[in-house]
Amino acid sequence: MSVVEPSAGRERFLGALPSGTQLDEVQAALLGVPFDGAVTYRGGASGGPAGLRAASDSIETYCPKLDEDLEDRRYVDLGDLDCSVPDAASGIAGETPGERLCRSLRTQLDARLADAPALPVLGIGGDHLVAYPFLERMLERHADLQIIHIDAHMDLRDEWEGEPFNHASVLGRARDVMGPDHRVHQWGIRSGERSEYRMAREDARFELLAPTLEAITARVTALCSAGLPLYVTLDVDGIDPADIPGTGTPEPDGLAFGAVEAALGLLATREGRVVGADIVELAPALDPTGRSSVAVARLARTLLLVLTR
Ligand SMILES: [Mn+2]
């Protein structure tokens, strides 16, 4: 049984339980993945986990919109995964550095959760590539997994400069291992190559929802009623850069912060089954005002309330 050490003070809602907490005593766990070596424009997402933990000090544990308080929930911050990229001589399988990194992260993830394999986990990136091992693990565990993909970008490329495992191709790699009953519900996407849009249109397992709260509400309600296992991969650049400028690949005309918070909040109130989530692409250093990290901490609070219900 793992003995876990919180990585922030108790006044922060991340790292909220004292050291010595056992994994079978908690309802969810949080894991940081401070890696941004797979970005295509600007770095900084490696600072995401630390920035989010620090910003969690600035907001309350109580969510007035949901009338729920994280103080009533039991979760633990398991700290960060080792994000060093294994080289070809490391013995870790993988044709490319990105693939070897994903293998290494997956191995660490499985080891951390060996005593509680079904425990819902919130992964904190890092660039979007780090979501791959979390997604892959959930796709393997749930043959009918429903992925809610909130993002500005399709992320369905074959490769980026010769690397198939990149933040611009992470959903493409997930697609490679998806089965016939897996689905991806995309929301907020407004950027991609023509070929990525074509791929999403032609693959019946993908659906691009209208960028409205009504569209996501209807979909979440239907998925929850059907009792299907849900996984949320939240790239913060899905939200408008006016609300979250601290991200590496901003794209105008995004989702309103309040709509995204409301959509995630639905998952806390509907009788759904959310088996895991990640938040990626927060780059605190790209926003000197600090408001991006605070905004993302609000979304992390909501997702923790979802995962611990
Ligand atoms: Mn993106």
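As the structure lists them, so they are numbered: ligands from 1, and atoms in each ligand from 1. Note that the numbering runs from 1 along the sequence shown for the chain.
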Taking 4.0 angstrom as the limit, do E251 and R190 come out as a salt bridge?
no

Can a donor-acceptor pair be found between the side chains of H128 and D155 at a distance below 3.5 Å?
yes

Assess the side chains of D151 and H149: does a donor N or O sit below 3.5 Å from an acceptor N or O?
yes

Taking 2.8 Å as the cut-off, does D235 contribute an N, O or S atom near the Mn ion (ligand 1), distance below it?
yes

Is there side-chain contact between L30 and L304, with heavy atoms separated by less than 4.5 Å?
yes

With the Mn ion (ligand 1) at the center, what angle do OD1 from D237 and OD1 from D151 span, rounded to 10 degrees?
70°

With respect to the Mn ion (ligand 1), please indicate if H167 possesses an N, O or S atom at a distance under 2.8 Å.
no

Among the N/O/S atoms of H153, select the one at the shortest distance from the Mn ion (ligand 1) and name it.
ND1

